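Atoms within each ligand, like the ligands themselves, are counted from 1 in listed order. Because the structure is a prediction, the values reported are computed rather than measured. All residue numbers refer to positions in the sequence shown, counting from 1. Just the heavy atoms: all of them, side chains too, but no hydrogens, waters or symmetry mates, feed the values below.
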Amino acid sequence: MADILKTVTAGQVDVDRLPRHIAIIMDGNGRWATRRGLPRTAGHKAGAETFRRIATYCKNLGVQYLTVYAFSTENWKRSADEVGTIMGLLKRYLQEAVATMERDNIRLHFFGDMSPIDPELQALARETDEITEHLGADAFQANVCLNYGGRDEILRAARRFAEDCAAGKCAADELDDALFSSYLDSAGIPDPELIIRPSGELRLSNFLLWQCAYSEFYYTDVLWPDFDEAELEKAIVAYQARDRRFGGVKK
Ligand code: FPP
């Protein structure tokens, strides 16, 4: 395993202490393109390639889950051209996934409210869900957040829980962390130990608000299209140097 590491940092990735789940806010595509005199959409195309590369690297390293923020509930405010390009890139990725995920043993799952998404894209997502169900639970899994917002996810979960209570399937006083988590888009998936945001912005932007309770955050100025395997390793090395106490005290 260690021979695939591309470490350029003074530290070393400890492959026995990898985060099981890494989440990434794929930020900086627009600035990457503008700096090159290209349209913003060129940045998203480059960003989609970076996603493929980083997902492959996470799988090869032995990280089990990679969750990426592809399109937020607020991203509809962007131009029709930009929204159309991002949806087109997702469609292409899903078409490729339908053809290759079984062969490559890669599970794919969506977080977010898919109801306003193009029906063709929704149908492809249903196809990838079906393939995912047949793949072993220990296979690498990519989660793509599409029309996703952390607050929206929590509200949808709360509504579904209230409906189940009204239908007599459960009671309000039964609700605890584990039960509420089972209503979220991330049901059954461990919380991310590491959340990475490239491009120099120091915000969470409505990403995984419930799941980030004890996540370690890593920020870098590198723009997402320039983020590579070595940058991922730097983030993992930084994560492995953190003292994670979960509200307790060091033993
Ligand atoms: C944020 O950068 C990026 C997005 C809103 C879109 C991300 C989408 C992709 C990378 C393409 C599709 C993904 C997959 C999984 C195939 P920004 O545009 O806000 O950058 P800026 O802050 O520099 O303007």
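Remark: minimum distance from atom 1 (C) of ligand 1 to any protein heavy atom is reached at Met26 O, 3.2 Å. Looking from atom 6 (C) of ligand 1 to the surrounding protein, the closest heavy atom is Ala70 O, 3.2 Å. Residue, atom and distance of the protein heavy atom nearest to atom 5 (C) of ligand 1 are Asn75 OD1, 3.6 Å. Distance from atom 15 (C) of ligand 1 to its nearest protein heavy atom, with residue and atom name: Phe51 CD2, 3.5 Å.
For Tyr93, no nitrogen or oxygen atom sits less than 3.5 Å from a nitrogen or oxygen atom of ligand 1, counting backbone and side chain alike. Any N or O atom pair closer than 3.5 Å counts here, and Gly30 shares at least one such pair with ligand 1. An N or O contact shorter than 3.5 Å is missing between Trp224 and ligand 1 by distance.
Ligand 1 does not have Glu201 within reach: every non-hydrogen atom of the residue lies 4.0 Å or more from it. Using 4.0 Å as the threshold, Arg40 has a heavy atom nearer than that to some atom of ligand 1. Not close to ligand 1: Ser199, with no non-hydrogen atom less than 4.0 angstrom away.
Tyr69 and Asn206 form no side-chain donor-acceptor contact under 3.5 Å, judged by distance and modelled atom types alone. Defined by atom type and a distance below 3.5 Å, a donor-acceptor pair is missing between the side-chain atoms of Ser199 and Trp224. Ser79 and Asp81 share no side-chain donor-acceptor pair at under 3.5 Å. Side-chain contact check for Trp76 and Asn147: at least one donor-acceptor pair (N or O, by modelled atom type) lies under 3.5 Å.
The line from OG of Ser115 to CD of Gln122 is 7.0 Å long, rounded to the nearest 0.5 Å. Once rounded to the nearest 0.5 Å, the distance linking CG of Leu121 with CG of Leu146 reads 6.0 Å. The CZ atom of Phe110 lies 8.5 Å from the CG atom of Leu124; values are rounded to the nearest 0.5 Å.
Stacking of Arg36 on the aromatic ring of Trp32 is recorded, both the 6.0 Å distance cut-off and the 45° axial limit being met.
Comparing Arg31, Glu82, Met87, Arg78 against atom 18 (O) of ligand 1, the shortest heavy-atom distance belongs to Arg78. Taking each of Glu74, Lys91, His44 in turn, the one with a heavy atom nearest to atom 4 (C) of ligand 1 proves to be His44.
Taking every heavy atom of Ile86 and a limit of under 4.0 angstrom, the matching atoms of ligand 1 come to 6 (C). Less than 4.0 angstrom separates some heavy atom of Ala48 from each of these atoms of ligand 1: 10 (C), 16 (C). Near Leu90, with a cut-off below 4.0 Å to any heavy atom, the atoms of ligand 1 are 13 (C), 14 (C), 15 (C).
The aromatic rings of Phe207 and Tyr148 sit perpendicular to each other, their planes meeting at more than 60°, with 30° as the lower class boundary.
Heavy atoms of Leu223 found under 4.0 angstrom from ligand 1: none, in either backbone or side chain.
Criterion: ILVMFWY side-chain heavy atoms under 4.5 Å apart, direct or through other members. Under it, Ile54 and Ile25 are not part of a common hydrophobic cluster.
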